[in-house]
**Q** 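Can you read through this structure? Questions will come right after.
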Amino acid sequence: MKMMAELNGSDAFIDTDKLIFGIGQVQQITGVSGRQLRYWEEQGYIQSLNQKKGAAREYSLHTLFFVFHVTRFLKDGFTLQAAVDKAKQFDRQLPVLRQFLRSQLKGVDFEDDESILDLGYVDASHHQRIFGVVKDGETYFRIKDV
DNA sequence: TTTCTGACA
DNA sequence: TGTCAGAA
């Protein structure tokens, strides 16, 4: 079966690189004021796609997420600088998480009272299979002999 | 109408 | 950071 990854350079069905947001939209979505966004850009914390002076700023979806995460850490009491660093660390984790899940997640089963993630074999011996269980708001692993 | 830059509180 | 002015 053909994977949707072949539809474009990215691995998503939609080319997220083409999703751009004006400063007004970023304000509405993230709650961060335009004044703050311009200041953050001035400080080098975020980047706008359009660097031309006097032109309206354009932000990528990635930047939108980044701004959102910064506000989250800001609300947690971190300074702007610390919040930005935290957001950058979070950004570094995403590709790793995606790669791991994409290659390791074999499927998801829905039972009556729990959802089960098939995470494949534990090791090359293929004697045991490991599952991620989501039940009653809790998550845990379950290993079964094959 | 929205956004931009610069400036003041 | 918020807000205002004057210009795109």
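Proteins come first, then strands; the chains are lettered A, B, ... in the order of their sequence lines, and each starts at number 1. Excluded from the calculations below are hydrogen atoms, water molecules and symmetry mates; all remaining heavy atoms, backbone and side chain alike, are included.
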**Q** Atom CD of A/Q36 and atom OG1 of A/T30: how far apart are they, to the nearest 0.5 Å?
**A**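 Between atom CD of A/Q36 and atom OG1 of A/T30 there are 8.5 Å.
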**Q** Using 0.5 Å steps for rounding, measure from the CG atom of A/L117 to the CG atom of A/L105.
**A** 5.5 Å
**Q** Could you list all the side-chain hydrogen bond (donor to acceptor under 3.5 Å, both in side chains) pairs where at least one residue sits in residues 59-70 of chain A, not counting sequence neighbours?
**A**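 Only A/S60-A/T63, A/H62-A/D91 qualify under side-chain hydrogen bond (donor to acceptor under 3.5 Å, both in side chains).
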**Q** Could you pull out every donor-acceptor pair under 3.5 Å between side chains of residues 71-86 of chain A and any protein atom, sequence neighbours left out?
**A**
| residue | atom | partner | partner atom | Å |
| --- | --- | --- | --- | --- |
| A/T71 | OG1 | A/F68 | O | 2.5 |
| A/T79 | OG1 | A/A82 | N | 3.1 |
| A/Q81 | OE1 | A/Y45 | OH | 3.1 |
| A/Q81 | NE2 | A/D85 | OD1 | 3.3 |

**Q** Please report the distance, rounded to the nearest Å, between CD1 in A/I23 and P in C/dT1.
**A**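 My rounded result for the distance is 13 Å.
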**Q** Just how far is it from atom CG of A/L64 to atom CD1 of A/I46, taken to the nearest 0.5 Å?
**A**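 If I round to the nearest 0.5 Å, the distance is 10.5 Å.
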**Q** Calculate the interatomic distance between A/E42 atom CD and C/dT1 atom P; express it in whole Å.
**A**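 Taking CD of A/E42 and P of C/dT1, I get 12 Å after rounding.
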**Q** Mind listing the residues from residues 45-56 of chain A sitting with a heavy atom below 4.0 Å of DNA chain B? Number order is fine.
**A** A/G54, A/A55, A/A56
**Q** Report the distance from atom CD of A/Q28 to atom C1' of B/dT1, rounded to the nearest whole Å.
**A**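 Answer to the nearest Å: 13 Å.
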**Q** Restricting both atoms to N or O, compile the protein contacts to nucleotides 2-4 of chain C shorter than 3.5 Å, with distance only.
**A**
| residue | atom | partner | partner atom | Å |
| --- | --- | --- | --- | --- |
| C/dG2 | OP2 | A/S33 | OG | 2.7 |
| C/dG2 | N7 | A/R35 | NE | 3.3 |
| C/dG2 | O6 | A/R35 | NE | 3.4 |
| C/dG2 | O6 | A/R35 | NH2 | 3.3 |
| C/dT3 | O4 | A/R35 | NE | 3.3 |

**Q** Quick one: pull up CZ in A/F21 and CG in A/L49 and give me the separation to the nearest 0.5 Å.
**A**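 These two atoms lie 11.0 Å from each other.
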**Q** Please confirm whether the backbone N or O of A/G22 pairs with a side-chain atom of A/Q25, one donor and one acceptor, at under 3.5 Å?
**A** yes
**Q** Return the value, rounded to whole Å, for the distance between atom CG of A/L37 and atom P of B/dC4.
**A**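 Those two atoms, CG and P, are 9 Å apart.
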**Q** Residues of residues 62-88 of chain A with any non-hydrogen atom less than 4.0 angstrom from an atom of DNA chain C: list those, numerically ordered, please.
**A** none
**Q** In residues 121-133 of chain A, what donor-acceptor pairs under 3.5 Å come from side-chain atoms, sequence neighbours left out?
**A**
| residue | atom | partner | partner atom | Å |
| --- | --- | --- | --- | --- |
| A/D123 | OD1 | A/S125 | N | 2.9 |
| A/D123 | OD1 | A/S125 | OG | 2.4 |
| A/H127 | ND1 | A/S125 | O | 3.4 |
| A/Q128 | NE2 | A/D145 | OD1 | 3.2 |
| A/R129 | NE | A/D118 | OD1 | 3.0 |
| A/R129 | NE | A/D118 | OD2 | 3.1 |
| A/R129 | NH2 | A/D118 | OD2 | 3.1 |

**Q** Considering non-hydrogen atoms only, spot the tightest contact between A/G34 and A/Q27 and give its length.
**A** N-OE1, 3.0 Å
**Q** Can any side-chain N or O of A/Q51 pair as donor or acceptor with the backbone N or O of A/S48 at less than 3.5 Å?
**A**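 Yes; judged by distance alone, with no hydrogens or angles, the pair exists.
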